[in-house]
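Here the structure comes first, spelled out in structure tokens, and everything after it is commentary.
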Amino acid sequence: MRKKQMMHVSKVTSIALDTVEMVLKNKEVSQTAVPGQFLHIAVPGHTLRRPVSIADVNRDDDTITILFKTIGTGTKELASVKQGSELDVLGPNGNGFPVDTIKPSTVLLIGGGIGVPPLYYLAKSLAEKGCHVISVLGFQTKDYVFYEDQFKAIGKTYIVTDDGSYGHKGLVTDVLSDIGSFETYFSCGPLPMLKAVRHHLKDTPGYLSLEERMGCGIGACYACVIPTNDEVGYKKICQHGPVFKSEEVQL
Amino acid sequence: MRKKQMMHVSKVTSIALDTVEMVLKNKEVSQTAVPGQFLHIAVPGHTLRRPVSIADVNRDDDTITILFKTIGTGTKELASVKQGSELDVLGPNGNGFPVDTIKPSTVLLIGGGIGVPPLYYLAKSLAEKGCHVISVLGFQTKDYVFYEDQFKAIGKTYIVTDDGSYGHKGLVTDVLSDIGSFETYFSCGPLPMLKAVRHHLKDTPGYLSLEERMGCGIGACYACVIPTNDEVGYKKICQHGPVFKSEEVQL
Amino acid sequence: MTNSLAVNLPGLSLKNPVMPASGCFGFGREYSQYYDLSKLGAIIMKAATGTKRFGNPTPRVAETASGMLNAIGLQNPGVDEIIRTEVPFLAAYDTNIIANVAGSTIEEYVYVAETFNQAADVDALELNISCPNVKEGGIQFGTDADMAARITEKVKRASQKPVYVKLSPNVTDIVTMAKAVEAAGADGLSMINTLTGMQIHLPSCKPLLANQTGGLSGPAIKPIAVRMIYEVKQHVNIPIIGMGGIQTAEEVLEFLLAGANAVAVGTANFQNPLVCVEIIEQLPAILKKYGFKSVNDAVGKGIMYDKSNISCP
Amino acid sequence: MTNSLAVNLPGLSLKNPVMPASGCFGFGREYSQYYDLSKLGAIIMKAATGTKRFGNPTPRVAETASGMLNAIGLQNPGVDEIIRTEVPFLAAYDTNIIANVAGSTIEEYVYVAETFNQAADVDALELNISCPNVKEGGIQFGTDADMAARITEKVKRASQKPVYVKLSPNVTDIVTMAKAVEAAGADGLSMINTLTGMQIHLPSCKPLLANQTGGLSGPAIKPIAVRMIYEVKQHVNIPIIGMGGIQTAEEVLEFLLAGANAVAVGTANFQNPLVCVEIIEQLPAILKKYGFKSVNDAVGKGIMYDKSNISCP
Ligand SMILES: Cc1cc2nc3c(=O)[nH]c(=O)nc-3n(C[C@H](O)[C@H](O)[C@H](O)COP(=O)(O)OP(=O)(O)OC[C@H]3O[C@@H](n4cnc5c(N)ncnc54)[C@H](O)[C@@H]3O)c2cc1C
Ligand SMILES: Cc1cc2nc3c(=O)[nH]c(=O)nc-3n(C[C@H](O)[C@H](O)[C@H](O)COP(=O)(O)OP(=O)(O)OC[C@H]3O[C@@H](n4cnc5c(N)ncnc54)[C@H](O)[C@@H]3O)c2cc1C
Ligand SMILES: Cc1cc2nc3c(=O)[nH]c(=O)nc-3n(C[C@H](O)[C@H](O)[C@H](O)COP(=O)(O)O)c2cc1C
Ligand SMILES: Cc1cc2nc3c(=O)[nH]c(=O)nc-3n(C[C@H](O)[C@H](O)[C@H](O)COP(=O)(O)O)c2cc1C
Ligand code: FES
Ligand code: FES
């Protein structure tokens, strides 16, 4: 049986403008989580839970790292949670990236803003499998850039900012041409970015991690559906996703 | 101009079953409070503030003590407030006991349950004025008894419990006959008790402190009215009270 | 000894009065991973329509103070597929199955009811009349007493299963609606459905929900649900399944005292997937604490029939 | 430079669009101890009736999830006394005075309106039609379009002051109500009043409020208020004073985008006596943040006129 998990908040750090890194300890969750899955976190004083991706896992000390941006009341409240307290969490939820099916090869990771977090644990996992990982990470401005060093430690990493205040100026798709050949791509970020990425890389197999406003977070309420090209015609992001084959969904 | 006061929570102690003593620090409030006034306290996650009597004042270290029973969600939340945090408070609100008008004499204080707290600061103040203070304090059972020693340090004190598990068994009014003569009485507690007290002591001048469910707590919303015998026909407990002359109000 | 939680309603012999509300529990599969569904008094399935529906575009939900807005748009695989794949799954559990019947025309409602009537494992129907009647300018069946009565009558004729009509709170006079469907043959009432609300998203400067408006649910609407059940109970003789913001066993008792015979829990499942079973576990102690021998013993006990002092707020 | 917060409405030239809601601010005396009332766009006084009223027995208020219930019962000293003692007090401040007009019969409403018409310092009337009509079986004036239109017409005839009709949300079709009072001569609308709700007190096993039912207000009802304003705005040409759960400057903008020309703040005053002035101070920055030059510039900007995809929740 699945259950609500109480996760111990063992560290809260501000790592960039409006961006928080939180380390959560729980054996069951950390031992089972795979890249691309998310936690559905209960936030005090809020009706709905908040979905947040698993950004890193440390199986040795049973911890999971999440990285989130404080955009509204829920994430602000979450950011104010003190070290030592407990969070009520559902998870790991959803289907992550198909790491097991990827053969050692060159892979491209493309993340935008709050879409970057899930790519970190993915990058680590793929590198472990012997993949050659190249990352393109987009942020609004210099102040929002995070985890640059962590990604660089894994492989070549391009940083892109909307205003050019750091790294390349423009959109993540602007640098795709500079990158050599790769077999598979993985992308997570705002819908317009995913659309552009998919269009640019239409001839390359890829996986997209999607976002949508959620209710239950487990597949029961039909809040988070995305139209698909199969006979069923739709899938639930919280349950069948958040990761989908690029050609599978209608963006 | 009046303002919202931030009060520093300097001590939280459990002093009896479901009963909490909380010491709050704030210069302005502590320097102006008189016995019988109350604080209108904002409780996180609650629409309405909670009225709580001022049970003691220490002008030297700018603190106010409140004593409250955890009966519902608001007082439970209030009890969970940690030492060192701040409380958003309106007060001191209302009109307290007319200590200044009382001449040195023998006075009787009659309190029931959560009506006991305001009587403690009153007892201290009257004793300071040279009054001979006798107290009758009623509680449900032995486990709910609090501040017995504090009251005894001021004057003769009778403890009464509904079930006789401590002190005299029965109602506060049962012991009134044992008490000698006194010039004035002051009472605070549940309505049935106040009615009985007023009936028993109809020939003695007395003051009653009343309770009612409140909205604004400052006299604007008319939630807390009590019918009076004057030409206006009503008074607002939060503004004109909570203390009234016994014959002034219709219970 | 007898089970103090047991409740008998038309077509339903409930081991306890708690059931998940329609649309908040899907068809039970996801929550069956959290607990044994046999613990539930009943399960109300997600709305069924005549044919498969894809529902509204997203966003479909928004959070509000102590509540949420939803505009799912009746997404479902259609009544036939539900009977083929979902009902058998639920039938494996020792609980009652209530089918939520929806549509855009009276004919569609009747088809759905007729079809469920063939499904032996379905114990009762919940008639969701909060849908727009496309043939009559999209006005909700549930906001017009005549339309509500007509559709109740037609559905009753189409099915031998007991019919619980789910009332919409978006009406001036809930009592008239309740009496109309009772007169039309309803075996019971289910109330309340969501209140129509809206949230405007400041950054995009337009309604947050793709559907613009959505249904408000959760603790925010509980006082309205309790008031409506309290009023209706005094004017009808059929049982009421009460819902609207329930999160705790105390709140279940509040609904029973107001006149509900059983309750449904919706939005609270999203916050706590175990809420229904936790309530069921705590209910006996709560009944005892407030002096009631059983669920039935508490029904309607909070009603004061003297209305002499009702005035303007 | 011009004041980006200024709003001109019939009878009211407001320095800002924020005013305390009727009944939540008394006659201003208590809040005047917290700040200079001249900072407010206007002040809506507590309801006035023809003669002194003592209101309902207590308890008169109850707390609910993100809201509260009230059943004060129109306690007030009567219109003559209000003009004699309260209006002069408020007139000393540099703000607009709106009188909230109530009654139990059309005659009483008319008397109150006529009397306020004589008070030079009163700038406009807010017609509180959420009261039971004792002559017609206690049904609320505000829940019947004909009664609402009739009383609006009579009050308009009795007074030269602009009349803002305060709509009750306890109706099936808010647009019909709004159109009816507009046709009857209303100069503006004020919406929404409280939703009828109830809370049952478990220990005493009866409704907590002595009046049994009460009016639900606070953040809990905001989505309903926004939806009703959004719908009404598309069908009337008179201005709207919006209210219902407002606590912040962002929420004021949400109401403006939905179609309100100005706003009133009620319940939030109890939590924070300074809420109105704090909102007024923050509003310019919020307008700027979301790209609006002024309050007027934002009014109705959130409305999507395409309703093609409105469906069943
Ligand atoms: C599968 C998944 C993984 C995510 N992973 C991350 C992550 O690793 N780091 C991170 O910073 N953010 C992540 N997000 C986005 C995150 O859920 C939202 O930023 C967050 O819910 C905003 O809550 P709020 O109360 O601060 O904002 P508000 O706007 O106040 O929230 C109001 C409501 O809208 C919902 N909402 C608002 N924005 C989003 C959004 N972008 N996606 C989904 N729901 C939203 C909230 O959950 C809430 O129900 C993820 C979203 C999804 C669906
Ligand atoms: C002037 C005054 C002084 C008070 N002094 C004290 C004190 O010193 N110590 C103490 O323990 N209690 C005192 N009380 C009672 C105290 O206010 C309530 O026990 C408290 O508000 C209960 O809140 P709750 O959320 O725990 O209970 P709930 O029942 O959950 O509260 C629900 C609502 O009812 C109101 N309410 C419930 N009971 C009362 C009550 N007895 N009086 C007024 N409002 C009530 C709450 O304020 C809240 O608005 C005083 C009340 C008043 C009016
Ligand atoms: C996401 C969601 C979907 C819903 N879908 C349906 C539905 O399909 N049919 C129906 O009759 N009611 C539906 N409802 C209404 C609920 O069944 C219930 O009547 C309402 O939400 C009030 O209960 P609650 O406050 O406990 O959620 C839905 C509610 C929610 C929140
Ligand atoms: C305690 C209280 C008293 C009220 N009295 C009146 C009144 O006398 N006349 C009136 O038209 N509205 C009255 N209202 C309704 C408010 O003016 C307002 O329409 C409603 O509360 C919604 O706004 P809010 O959520 O900001 O409180 C009252 C509301 C409350 C809470
Ligand atoms: S959030 Fe409920 S189905 Fe995805
Ligand atoms: S609480 Fe508002 S007048 Fe007393």
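These figures come from a predicted structure and were not determined experimentally. So you know, we letter chains A, B, ... as the sequences are listed, proteins then strands, and number each from 1. The basis for the numbers below is simple: all heavy atoms, side chains too, and nothing from hydrogens, waters or symmetry mates.
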Please classify the contact of C:Pro59 with chain A as side chain, backbone, both or neither, using a heavy-atom distance under 4.5 Å. both

Student check: side-chain heavy atoms of C:Val61 and A:Met214 closer than 4.5 Å: no

Distance-minimising heavy-atom pair for C:Phe54 and A:Gly233: CE2-CA, 3.9 Å

Residues passing the side-chain contact (heavy atoms from CB on, under 4.5 Å) test with C:Leu209, sequence neighbours excluded, are C:Ala62, C:Leu69, C:Ala71

Please tabulate, one pair per line, the N or O donor-acceptor pairs under 3.5 Å between chain C and chain A.
{"from": "C:Gly26", "atom 1": "N", "to": "A:Ala220", "atom 2": "O", "distance (Å)": "3.2"}
{"from": "C:Glu30", "atom 1": "OE2", "to": "A:Gln239", "atom 2": "NE2", "distance (Å)": "3.3"}
{"from": "C:Gln33", "atom 1": "O", "to": "A:Arg2", "atom 2": "N", "distance (Å)": "2.5"}
{"from": "C:Lys52", "atom 1": "NZ", "to": "A:Val232", "atom 2": "O", "distance (Å)": "3.1"}
{"from": "C:Thr58", "atom 1": "OG1", "to": "A:Glu212", "atom 2": "OE1", "distance (Å)": "3.0"}
{"from": "C:Arg60", "atom 1": "NH1", "to": "A:Tyr222", "atom 2": "O", "distance (Å)": "2.7"}
{"from": "C:Glu63", "atom 1": "OE1", "to": "A:Arg50", "atom 2": "NH1", "distance (Å)": "3.4"}
{"from": "C:Glu63", "atom 1": "OE1", "to": "A:Arg50", "atom 2": "NH2", "distance (Å)": "2.5"}
{"from": "C:Glu63", "atom 1": "OE2", "to": "A:Thr47", "atom 2": "N", "distance (Å)": "3.1"}
{"from": "C:Glu63", "atom 1": "OE2", "to": "A:Leu48", "atom 2": "N", "distance (Å)": "2.7"}
{"from": "C:Glu63", "atom 1": "OE2", "to": "A:Arg50", "atom 2": "NH1", "distance (Å)": "3.0"}
{"from": "C:Gly67", "atom 1": "N", "to": "A:Thr47", "atom 2": "OG1", "distance (Å)": "3.1"}
{"from": "C:Gly67", "atom 1": "O", "to": "A:Thr47", "atom 2": "OG1", "distance (Å)": "3.1"}
{"from": "C:Gln271", "atom 1": "O", "to": "A:Arg49", "atom 2": "NE", "distance (Å)": "2.8"}
{"from": "C:Gln271", "atom 1": "O", "to": "A:Arg49", "atom 2": "NH2", "distance (Å)": "2.7"}
{"from": "C:Gln271", "atom 1": "NE2", "to": "A:His46", "atom 2": "O", "distance (Å)": "3.0"}
{"from": "C:Gln271", "atom 1": "NE2", "to": "A:Thr47", "atom 2": "O", "distance (Å)": "2.8"}
{"from": "C:Asn272", "atom 1": "OD1", "to": "A:Lys4", "atom 2": "NZ", "distance (Å)": "3.3"}

